[in-house]
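Notes for the one structure printed next.
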Protein chains: 2
Amino acid sequence: MLKGHLDAVLLATIGDEALHGYAIIEAIRARSGGHFDLPEGTIYPALHRLELAGLLASRWVQPDGGRKRRVYALTDSGRRSLVERRAGWRSFASGIDLVLGART
Amino acid sequence: MLKGHLDAVLLATIGDEALHGYAIIEAIRARSGGHFDLPEGTIYPALHRLELAGLLASRWVQPDGGRKRRVYALTDSGRRSLVERRAGWRSFASGIDLVLGART
DNA sequence: TTCAACGCCTAGTGTCGCTAGGTATAACTT
DNA sequence: AAGTTATACCTAGCGACACTAGGCGTTGAA
């Protein structure tokens, strides 16, 4: 469970790469050092929601081998949102750190 | 919103002090540097839940001046749970940090 | 040819904490 | 004396979030 930080994780993972859903799951697993292994039922609806909100744009791609993929990229709005959400996470995490006792 | 970390925050705030609900709200506000200002509707049900789970024990106290208060303290089980939840938070936060880009 | 991996999707559900309300006592103002 | 604010506790109901559990179809390997 990503506890309200799913959108930030998705936006940060896509970054400048333009990934498709399945690859996003793998990228999150890899980048998080195995901490997060999100089910498809989590990410697909989230991608749709972020696209509807104008933070992501998708297009269908037909690779040479393999089946069609829906590929997502950040919009300008998405990039701005990522900056905000990163700051929001830092603020949130520092608040929790203060209460739980700093990372000593 | 504490996004799934409310219990850890409550256990850590109570710590060794034995606080009552209203004081817990103020302590969280103070210790978090103003990040978190939790409504009563959040903490009272949570305290009841944690007591039911055996992590907290409460008793009613009549101070010299003022009205009766219900004071909560950690049980042994609560202390153990706090250790676990602190570790859980550190693990979670490091995972998010990795994905969002480390705190540089 | 059958099985796993790839790849997309959604309805329903459970968890969580907040909203919005209630009750009551004590202290401070006017 | 009366009204207001701060203290102090409580709960029903709701909305946000992401997970479960299912479905569909394609590609490559055993």
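All chains are named by letter (A, B, ...) in the order of the sequence lines, taking the proteins before the strands, and each is independently numbered beginning at 1. Here the structure is a predicted model, which means the values were calculated and not measured.
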Legend entry - Expected output: side-chain B:T75 to main-chain B:A57 donor-acceptor under 3.5 Å: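 Pair absent, no side-chain N/O of B:T75 close to backbone of B:A57.
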In this structure, how many angstroms lie between the [atom2] atom of [N] and the [atom1] atom of [X], rounded?
X	N	atom1	atom2	answer
A:R49	C:dC9	CZ	C1'	16 Å
A:L19	C:dC6	CG	P	15 Å
B:I28	C:dG17	CD1	P	11 Å
A:L38	D:dA21	CG	P	17 Å
B:D64	C:dA27	CG	C1'	16 Å
A:D37	C:dA5	CG	C1'	14 Å
A:L52	C:dC9	CG	P	14 Å
B:K3	D:dA16	NZ	C1'	12 Å

Legend entry - Residue pair B:L74 / B:L55, side-chain heavy-atom distance below 4.5 Å: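 No. Closest side-chain heavy atoms not under 4.5 Å.
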Legend entry - Option passing side-chain contact (heavy atoms from CB on, under 4.5 Å) with B:R69 (candidates B:R59, B:H20, B:Q62):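 The passing option is B:H20.
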Inset, instruction - Measure up the B:W89 and B:H5 rings against each other and bin them: parallel (under 30°), tilted (30 to 60°), perpendicular (over 60°). - result: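 Because their plane-to-plane angle is over 60°, the rings of B:W89 and B:H5 count as perpendicular.
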Legend entry - Residues in side chain to side chain contact (heavy atoms under 4.5 Å, CB included) contact with B:R31, at least two apart in sequence or another chain: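 For B:R31 the side chain to side chain contact (heavy atoms under 4.5 Å, CB included) partners, ignoring immediate neighbours, are A:V99.
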Inset, instruction - Would you mind building the protein contact string for nucleotides 6-12 of chain D? One character per nucleotide, 5' to 3', B for base within reach (heavy atoms under 4.0 Å), S for sugar-phosphate only, - for untouched. - result: -BBBBB-
Inset, instruction - Please round to the nearest 0.5 Å and tell me the distance separating atom CD1 of B:I96 and atom OG of B:S91. - result: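 Here the rounded value is 10.0 Å.
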Inset, instruction - Using a heavy-atom cut-off of under 4.0 Å over every strand shown, decide if B:I43 touches base, sugar-phosphate, or nothing. - result: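 Contact class for B:I43: none.
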